[in-house]
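Positions are given from 1 along the sequence.
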Amino acid sequence: MVVFFIGESSQDEEEEVKPVTVKFAHQESEEAKARRMASFDYLQKKQQEETWQQLEYNNINSGRAESRRLQLYAGKADELSEFQLQPGEYLQALMPETDAEQEEKPAMPSNVLSLIQLRTMPLHDQVKTLLTNAKVIRFSQLLALLPQGIEATAVLRSLQQVAVLVQGCWVVKSEILYPKEATSPHSGVSADHLCRGRDYVMWRFTQSRHVTRKDIASIVKLPAEDVKEILEQISRIRVNCGWEFLFAYDSEFTSRYGDIVQRQKMLWDAKYQGLAKQLKIPKEHEKKFKDKDPVFPPGEKPMRRRRNSSRSSTGTRRKRTLSGRSLSDYSDQEMDAIKQDLENHDDILSRGEEPMEVSSTKLPNSNGTMEVTPNSDCDKTMEENSNLNSADFKLEVLNFVREKLYTRFVVSASELRRLFQMHLAQCPPGHILSSGVSDKILEESILNVGGVQLENQWPPNTQQEPMFALPKMGDSLDPARTVLLNYFTSSHKISRKQFVKAVEDGCGMTLSEQDTKLLLKDYCAQKGNSWMLKGTVPAS
């Protein structure tokens, strides 16, 4: 409050001096203004200031109401295209289903999964969510929980990305249950140690129906509570037997999808190579439980094993891998070819001759549509190393390449080298691969496991390099895969419509929308409205 005194303007004026009061209004903030306008007094004041309007009420049976109702009827039925719908379709048009999930959802327990919410997710997320909640599931049970009409091939493709096969059943991968930043709620152990321990437990169940917690704890070196939690996820305790795998052997799945079973077996062999080094598993311990309780499908009798199986009747020693298995245990065709190559190589070395260098040639594929060009460059100092001549070394490289190719489908030479360096960094000192692997050996291993080198087109201003892909998976979509890879020999990009049309023209197949999307995602990366081969997308 400020007070001003107005003095006399002149001595002649005889007016008295009067005080004048001046008030300054405080500036109202937006928040205070909003609270004031939302108050009851303000709303009541506004309601009282509102003027009343005179309304004329017409009864439902009055003439004016009747005339209004008559206006609702159509005069020409031919022009009413929007009403040529079934009642259910018309209701759907009035109130369409919202794809976006509501922000506010009723709170549900963490162990309860809503099937209604599940069906709003993409197929991959549905499979991942179900596996995360169930931990172990049969393939038939999974199909029953998914919406009807989904093809088994699409489900299997998503399933192999989030789960592994154990005794014909699918178990969620450890990396999904234990992300990198997670720790054990019981002991605070890092996710890396938990994943290694859980992978070892799953591998043990691929070899045996029963395990004991004492044997597991002696290898994985985890606290007792963590070991018990891992075992409870995938097994149940049996009196005088230990822990038994949760489900019986699913012979129905293994007999129907033999190619997937073989692929998972190879992945487990490669996984165990790393676990054996990281956990320092003694070979004596491995033989002890491997021969004790092997896993066999129901009705199949185990074959007798000879104790001295390491030597044949002629006294020649069999070639064995790091896991103690012989080369004859691999029954696929590419392993037979590698055996023959190793025998020829040993024969050459026994005669004191140098191995002959193979010149770069183009080999036609079995379907006659693709060309394979082996890389002729090699590091001579690497080939002089004795490890390169051993079967264990080549099989170790082969397992690594097979695992990467069967999970990525397309890989460039530089990406394969980067993945190998990451794999080598995880190996312990003195590993068989620590001596180094040349690019030629990696590329030849890709060809041996069924991969091919692509003669693809490249986008402008892009550095070119050798590209490798897996053209066959052993299912009904192999012709479509071949068409897709052949398309990139003439163009560096493809649209979805072009791919569908090329498959129809090339092999007479009609791809579903789901198969089209899966194949493009396996081999390509999306760039706008087009799809480009993985590894060829220019950096933006």
- Task: If the plane angle is over 60° it's perpendicular, under 30° parallel, otherwise tilted; pick one for Phe205 and Phe245.
- Result: tilted
Kindly compute the distance separating [atom1] ([X]) from [atom2] ([Y]), expressed to the nearest 0.5 Å.
X	Y	atom1	atom2	answer
Leu143	Ser140	CG	OG	7.5 Å
Met202	Trp268	CE	CH2	4.0 Å
Asp439	Leu416	CG	CG	8.5 Å
Gln514	Arg157	CD	CZ	10.0 Å
Leu142	Leu146	CG	CG	4.5 Å
Glu403	Leu398	CD	CG	12.0 Å

Which heavy-atom pair separates [X] from [Y] by the least distance, and what is that distance?
X	Y	answer
Ser174	Cys195	O-SG, 3.6 Å
Gly451	Pro471	CA-CD, 4.4 Å
Gly168	Thr254	CA-CG2, 3.8 Å
Ile446	Val411	CD1-CG1, 4.4 Å
Lys135	Thr132	NZ-O, 2.9 Å
Lys534	Ala525	CG-N, 4.2 Å

Taking everything shown except [X] itself, do over 12 heavy atoms lie less than 6.0 Å from its [atom1]?
X	atom1	answer
Glu252	CD	no
Lys493	NZ	no
Lys271	NZ	no
Arg256	CZ	no
Lys173	NZ	yes

Would you say that [X] contacts [Y] through its side chain, given a criterion of any heavy-atom pair below 4.5 Å between the two side chains?
X	Y	value
Ile281	Tyr272	yes
Gln457	Ser491	no
Ile176	Leu131	no
Phe400	Leu419	yes
Phe468	Leu454	no
His124	Gln161	yes
Lys128	Asn133	no
Glu151	Ser512	yes

- Does the pair Ser235 and Leu246 meet the rule for a side-chain contact (heavy atoms from CB on, under 4.5 Å), with working shown? CA-CA 4 Å; Ser235 59; Leu246 196 59; 5.5 Å; no
- Item | Steps toward side-chain contact (heavy atoms from CB on, under 4.5 Å) verdict (Leu267, Val164) | CA-CA 9 Å; Leu267 292 177; Val164 291; over 6 Å; no
- Task: Only pairs at least two apart or in different chains count here, so list each salt bridge (charged side-chain N to carboxylate O under 4.0 Å, His left out) that has a residue in residues 497-507.
- Result: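 For residues 497-507: Lys501-Asp505.
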Would you confirm whether [X], through its side chain, and [Y], through its main-chain N or O, come within 3.5 Å as a donor-acceptor pair?
X	Y	value
Thr489	Asn486	yes
Ser158	Val155	no
Gln278	Leu275	no
Asp125	Met121	no
Gln167	Ser208	yes
Gln526	Gly528	yes
Thr482	Asp478	yes

- Message: Is it the case that the ring center of Tyr487 lies less than 6.0 angstrom away from the ring center of Phe499?
- Response: no
- Let me see the working for Leu470 and Asp522 under side-chain contact (heavy atoms from CB on, under 4.5 Å), right down to the final yes or no. CA-CA 10 Å; Leu470 184 66; Asp522 283 344; over 6 Å; no
- Query: Quick one: salt bridge (charged side-chain N to carboxylate O under 4.0 Å, His left out) partners of Asp515, sequence neighbours excluded?
  - Reply: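 Testing Asp515 for salt bridge (charged side-chain N to carboxylate O under 4.0 Å, His left out), a comparison that skips the adjacent residues, returns none.
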- Could you verify whether a donor N or O on one side chain and an acceptor N or O on the other, from Ser414 and Glu465, lie under 3.5 Å apart? yes
- Message: Any donor-acceptor pair under 3.5 Å linking the side-chain atoms of Tyr200 with those of Arg204?
- Response: yes
Charged N-O contact under 4.0 Å between [X] and [Y]:
X	Y	value
Asp250	Arg138	yes
Asp192	Lys180	no
Arg481	Asp475	yes

- Task: Determine, step by step, whether Arg408 and Glu415 satisfy the salt bridge (Lys or Arg N to Asp or Glu O under 4.0 Å) criterion, reporting the C-alpha distance in whole Å, the side-chain angles of both residues, the deciding distance to 0.1 Å, and the verdict.
- Result: CA-CA 11 Å; Arg408 294 175 177 265; Glu415 178 69 8; 3.6 Å; yes
- Message: Set out, in order, the CA-CA distance, both residues' side-chain angles and the distance that settles side-chain contact (heavy atoms from CB on, under 4.5 Å) for Gln160 and Ile260, then state yes or no.
- Response: CA-CA 9 Å; Gln160 294 178 75; Ile260 295 180; 4.0 Å; yes
- Task: Could you tell me which residues satisfy ring pair (Phe, Tyr, Trp, His ring centres under 6.0 Å) with Phe253, sequence neighbours excluded, listed by chain and number?
- Result: Phe139, Trp170, Tyr257
